[in-house]
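Every number for a ligand or one of its atoms is a count from 1 in the order of the listing.
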Amino acid sequence: MRAAQVTSAKGAIQVVERDVPEPDPNQVRMKVQASGICHSDSLTKEGLWPGIRYPRVPGHEVAGVIDALGTAVAGWKVGDRVGVGWHGGHCGHCDSCRRGRFVLCQVAGQIPGITYDGGHAEYMVVPAVALARIPDSLTAAEAAPLMCAGVTTFNSLRHAGAQPGDLVAVLGIGGLGHLGVQFAAKAGFRTVAIARGKDKEALARKLGAHHYIDSQAQDPAEELKRLGGARVVLATVTSGKAMTAVLGGLGIDGKLVVLGAAHEALEVPALLLIGGRRSVAGWPSGNAIDSQDTMAFSEMTGVRSTNELFPLERAAEAYDRMMSGQARFRVVLTTGA
Ligand SMILES: [Zn+2]
Ligand SMILES: [Zn+2]
């Protein structure tokens with residue numbers, strides 16, 4: 001099979017021939033149809049994940065079809081359309097797992113493309129516990145980005161405490177944010193998109209935003225306050241400064257939910273938190289069933305990622321495109337299967 005692998009930290013992404021993997025008893029083999037390139041692929045490419053071993057095939061937004069079953073797998077059959085995301089397996093016996101928080105497994109949390117070979121290949125093997133079922137009406141290329149960007153925005157939003165009609169802001173309209181705005185609007189929130197520049201307003205409104213704040217021309221905190229204060233701000237940008245700048249726009253019980261892996265620290269005034277019972281929290285994607293919920297909601301409401309498609313052979317170019325920040329909006333590899 002063909003696979004796009006990284007042979008060493010900071011090494012090139014190269015398409016090579018490899019043996020088709022065989023599933024262990026609790027795994028299935030997927031024939032990969034589409035594999036999204038996420039910013040977190042850089043953890044593999046640049047060697048930023050502690051202890052990562054090479055060669056490694058990146059890819060944790062994968063959609064395809066079950067091609068072979070391990071001997072102990074129940075509940076799935078060959079031909080089922082499935083996806084796998086950041087949650088790529090778990091130990092099943094640590095306290096987190098026993099509470100159902102599989103993505104937070106403390107013992108053997110597994111991430112496709114980091115702890116084992118991921119989806120930028122024609123085949124991959126995956127623990128059956130990490131599979132999400134893809135609804136009929138979603139194509140593989142539509143499903144793949146929902147397995148990381150989609151579930152991260154949808155699942156964080158539905159657990160953030162906002163009720164229908166509440167003011168919810170999405171900071172940044174990129175790969176995550178363009179999904180976040182759609183999910184927020186379709187879930188019945190008064191949706192505010194915050195981005196840089198007047199030119200993004202038309203897009204934001206097309207995605208469903210009821211309000212648009214141009215953070216270059218306006219003070220986003222003041223504008224949010226003027227709208228009544230946000231119950232939730234989904235921060236999809238990777239700038240700690242931009243996140244800090246919206247904090248003052250949180251309303252009573254307002255929560256800043258951090259999704260973007262910013263390297264800069266956030267500055268959070270203690271009195272701002274205390275005075276309005278405000279909080280700052282993070283959220284890491286979700287379990288496989290959360291990905292399945294994300295796809296079901298997307299099927300029902302028409303939420304879709306806008307994707308640039310590249311064939312697997314052009315994985316290196318596709319990765320550079322994603323890293324350039326110029327992609328509109330997710331970059332997805334296709335195998336032709
Ligand atoms: Zn990701
Ligand atoms: Zn565990």
Side-chain angles (χ1 to χ4, degrees), residues 4 6 13 26 32 34-46 48-49 52 56-63 83-120 124 126-130 132 141-157 172 174-180 183 234-238 257-262 282-291 294-295 305-308 315 318-319 321-323 325 327 329-333:
V6 180
I13 296 174
N26 291 304
V32 176
S35 186
I37 298 186
C38 179
H39 194 270
S40 299
D41 284 11
S42 62
L43 299 172
T44 303
K45 168 78 167 63
E46 306 303 329
L48 302 174
W49 192 268
I52 189 166
R56 183 60 76 225
V57 177
H60 60 266
E61 285 191 344
V62 197
V84 62
W86 185 261
H87 169 228
H90 55 272
C91 81
H93 54 78
C94 73
D95 284 1
S96 268
C97 285
R98 291 167 63 207
R99 293 185 198 282
R101 303 182 295 217
F102 305 127
V103 77
L104 300 175
C105 175
Q106 298 157 320
V107 174
Q110 295 162 55
I111 306 161
I114 294 180
T115 50
Y116 60 87
D117 285 331
H120 300 347
M124 72 180 287
V126 182
V129 292
E142 287 172 334
L146 297 176
M147 303 305 301
C148 181
V151 65
T152 299
T153 46
F154 176 74
N155 201 37
S156 60
L157 186 56
L176 288 173
H178 90 293
L179 285 164
F183 284 130
L234 275 193
T236 71
V237 296
T238 50
V257 179
V258 177
L259 303 180
W283 191 274
S285 74
N287 298 332
I289 195 70
D290 297 310
S291 299
T294 304
M295 290 191 284
S305 164
T306 300
N307 301 327
E308 294 184 6
Y319 174 82
R321 175 74 180 155
M322 180 280 301
M323 290 301 279
F329 285 90
R330 295 302 277 187
V331 176
V332 178
L333 297 175

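Aromatic ring orientation, His178 versus Phe329: parallel (interplanar angle below 30°, classes split at 30° and 60°). Taking the six-membered ring where the residue is Trp, His87 and Phe102 present parallel rings, their angle staying beneath 30° rather than reaching 60°.
A donor-acceptor pair under 3.5 Å is formed between the side chain of Arg56 and the backbone N or O of Ile114. No donor-acceptor pair under 3.5 Å is formed between the side chain of Asp290 and the backbone N or O of Val151.
Residue contacts to the Zn ion (ligand 2): His90 brings no N, O or S atom closer than 2.8 Å. The Zn ion (ligand 1) has His60 among its coordinating residues (N/O/S atom, backbone or side chain, under 2.8 Å). Here His93 does not reach the Zn ion (ligand 2): none of its N/O/S atoms is less than 2.8 Å from the metal.
Angle SG(Cys105) to the Zn ion (ligand 2) to SG(Cys91): 100° [nearest 10 degrees]. Angle SG (Cys97) to the Zn ion (ligand 2) to SG (Cys94): 110°, rounded to 10°.
A heavy-atom distance below 4.5 Å is not found between the side chains of Glu308 and Met322.
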